[in-house]
Student: 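The structure under discussion is supplied below as structure tokens; questions concerning it will follow.
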Amino acid sequence: MTEKLFRIRAKFFRRMGLLASVMALAVGAGVSSVQPAHAQWAVYDGAAHVQTVLIAARELQQIDNQITSLANQAQMLVNQAKNLALLPLSTLSTLQSTISQTTALLGQAQNIAYSVTSVEQQYQQAYTSISSGMSDSALFSQAQTRWQNSVVGFEDALKLQARVVGNIPSDSSAMTQLVSASQTSTGALQAAQAGNQLLALQSRQLSDIQAELAANGRATALQQARDAATEAESEFQYQHFSQHDAYVPGTVSMFGSSGN
């Protein structure tokens, strides 16, 4: 559109040049036409002709101004189109996939899951139900459960840490692509979209950190709960042992007596 308007503008400039030449010829003709009255049948009005040419030149100038205005408007539309152009790069699906994998890994937490109901039920069974009336086998079974919970808690934390570390190369690649797209963007919309995707990448990285902190905190809490339960269990075992009758020494025969 802009190129077409410039061609029209050049055409009008050529016409203005032609009119200027005509105006010059008209002035010359007006001067040369001053002859004795008896040698002419009619008098040529050169001034009126020059005035007509000047009016036409002013009209052409107005048209040229309109063409310039149209060219500027066309360029403005081109710039607006650039600003509305969409960014061809999108990392949304990759970010969603990574978040889904981390969420699935959290859902695979062993024994005591990331659920308030699960914590309340299993924690009460294995950590707070110790009593002096429990048998040794029951105490041993609870201690075994607590030990297993601590072991798998640290295992889950290590798995999640491995996932977070494994996300670093893909994050680096996505960040490089987005920064490059932002620097080479053709309009404001593309730059804004690249910036939004960078913010989304940072949000996903923060969610990884949050998940890792939760896994580490869970493992630490399970170990601390195990230590507290072991201390309580030891107290009950001591009380159970102290309730037995005192030891009474007796004579023990190490060898059978002979008849001699």
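Reckoned from all heavy atoms, side chains included, excluding hydrogens, waters and symmetry mates.
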Student: Answer yes or no: is there a donor N or O on one side and an acceptor on the other, between the side chain of Gln142 and the main chain of Gln125, under 3.5 Å?
Tutor: yes

Student: Do the side chains of Lys159 and Glu155 get nearer than 4.5 Å, heavy atoms only?
Tutor: yes

Student: Taking the side chain as everything from C-beta on, heavy atoms only, tell me whether Asp64 gets closer than 4.5 Å to Leu60.
Tutor: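 Heavy-atom side-chain distance check fails, nothing below 4.5 Å.
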
Student: Give a yes or no answer on whether the side chain of Ser100 reaches the backbone of Gln96 with a donor-acceptor pair at less than 3.5 Å.
Tutor: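 Pair found, side chain donor or acceptor close to backbone of Gln96.
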
Student: Find out whether Leu87 and Leu189 are in side-chain contact, i.e. whether some heavy atom of one side chain is under 4.5 Å from a heavy atom of the other.
Tutor: no

Student: On a heavy-atom basis, which atom in Ser182 and which in Ala194 lie closest, and how many Å separate them?
Tutor: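 Looking at all heavy atoms of both residues, the shortest contact is CB-CB, 3.6 Å.
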
Student: Answer whether the closest heavy-atom distance between the side chains of Phe154 and Asn149 falls below 4.5 Å.
Tutor: no

Student: Pairing donors with acceptors under 3.5 angstrom, does anything connect the side chains of Gln110 and Asp156?
Tutor: yes

Student: Any side-chain heavy atom of Thr145 sitting closer than 4.5 Å to one from Tyr127?
Tutor: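 No, too far: nothing below the 4.5 Å cut-off.
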
Student: Quick one: closest heavy-atom pair of Leu95 and Arg204, and the distance?
Tutor: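 Looking at all heavy atoms of both residues, the shortest contact is O-CG, 4.0 Å.
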
Student: Enter the distance from Asp171:CG to Thr94:OG1 here, rounded to the nearest 0.5 Å.
Tutor: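 OG1 of Thr94 is found 10.0 Å from CG of Asp171.
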
Student: Any chance you could measure Ile67, atom CD1, to Gln62, atom CD, to the nearest 0.5 Å?
Tutor: 12.5 Å

Student: Determine, using the 4.5 Å side-chain heavy-atom cutoff (strictly less than), whether Leu106 and Ile99 are members of one ILVMFWY cluster.
Tutor: no

Student: Determine whether more than 12 heavy atoms belonging to other residues, nucleotides or ligands lie under 6.0 Å from atom CD of Gln101.
Tutor: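 Above 12, so yes.
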
Student: How close do Ser180 and Thr184 get, counting heavy atoms only, and between which atoms?
Tutor: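 Minimum heavy-atom contact is O-OG1, 2.8 Å.
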
Student: Which distance, rounded to the nearest 0.5 Å, do you find between the CG of Leu160 and the CD of Gln108?
Tutor: 10.5 Å

Student: Once rounded to the nearest 0.5 Å, what's the spacing between atom CG of Leu54 and atom CD of Glu59?
Tutor: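 Leu54 atom CG to Glu59 atom CD measures 11.5 Å (nearest 0.5 Å).
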
Student: Tell me yes or no: between the side chains of Gln161 and Asn216, is some donor less than 3.5 Å from an acceptor?
Tutor: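 Their side chains do contain a donor-acceptor pair, which is all the 3.5 Å distance test asks for.
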
Student: Could you tell me if the side chain of Arg146 sits less than 4.5 Å from the side chain of Gln223, heavy atoms only?
Tutor: no

Student: If you round to the nearest 0.5 Å, how far is CD of Gln190 from CG of Leu89?
Tutor: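 Rounded to the nearest 0.5 Å, the CG-CD separation comes out at 10.5 Å.
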
Student: Does the side-chain contact (heavy atoms from CB on, under 4.5 Å) test come out yes or no for Thr91 and Leu201, once each step is laid out?
Tutor: CA-CA 8 Å; Thr91 60; Leu201 176 60; 5.9 Å; no

Student: Under the side-chain contact (heavy atoms from CB on, under 4.5 Å) rule, what do Gln197 and Leu92 come out as? Steps first, then yes or no, please.
Tutor: CA-CA 7 Å; Gln197 292 191 51; Leu92 179 60; 5.8 Å; no

Student: Can Ser118 and Gln122 be said to form a side-chain hydrogen bond (donor to acceptor under 3.5 Å, both in side chains), step by step?
Tutor: CA-CA 6 Å; Ser118 176; Gln122 299 187 37; 3.1 Å; yes

Student: Using the rule given for side-chain contact (heavy atoms from CB on, under 4.5 Å), can you reason through Leu70 versus Gln73, listing the C-alpha separation, both sets of side-chain angles and the distance that settles it, and then say yes or no?
Tutor: CA-CA 5 Å; Leu70 290 175; Gln73 291 178 6; 4.0 Å; yes

Student: Is any side-chain heavy atom of Asp208 closer than 4.5 Å to a side-chain heavy atom of Arg163?
Tutor: no

Student: Using every non-hydrogen atom in the two residues, find where Ala113 and Ala109 come nearest and quote the distance to one decimal.
Tutor: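 Of all heavy-atom pairs spanning Ala113 and Ala109, the closest is CA-CB, 4.3 Å.
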
Student: Does Arg218 count as lying over the ring of Tyr114, i.e. NZ or CZ under 6.0 Å from the six-ring centre, within 45 degrees of the axis?
Tutor: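 Judged by the rule, Arg218 and Tyr114 form a cation-pi pair.
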
Student: For the CD1 atom of Ile168 and the CE atom of Met175, what is their distance to the nearest 0.5 Å?
Tutor: 11.0 Å

Student: Flag the pair Thr102 / Asn167 as yes when at least one side-chain heavy-atom distance between them is below 4.5 Å, and no otherwise.
Tutor: yes

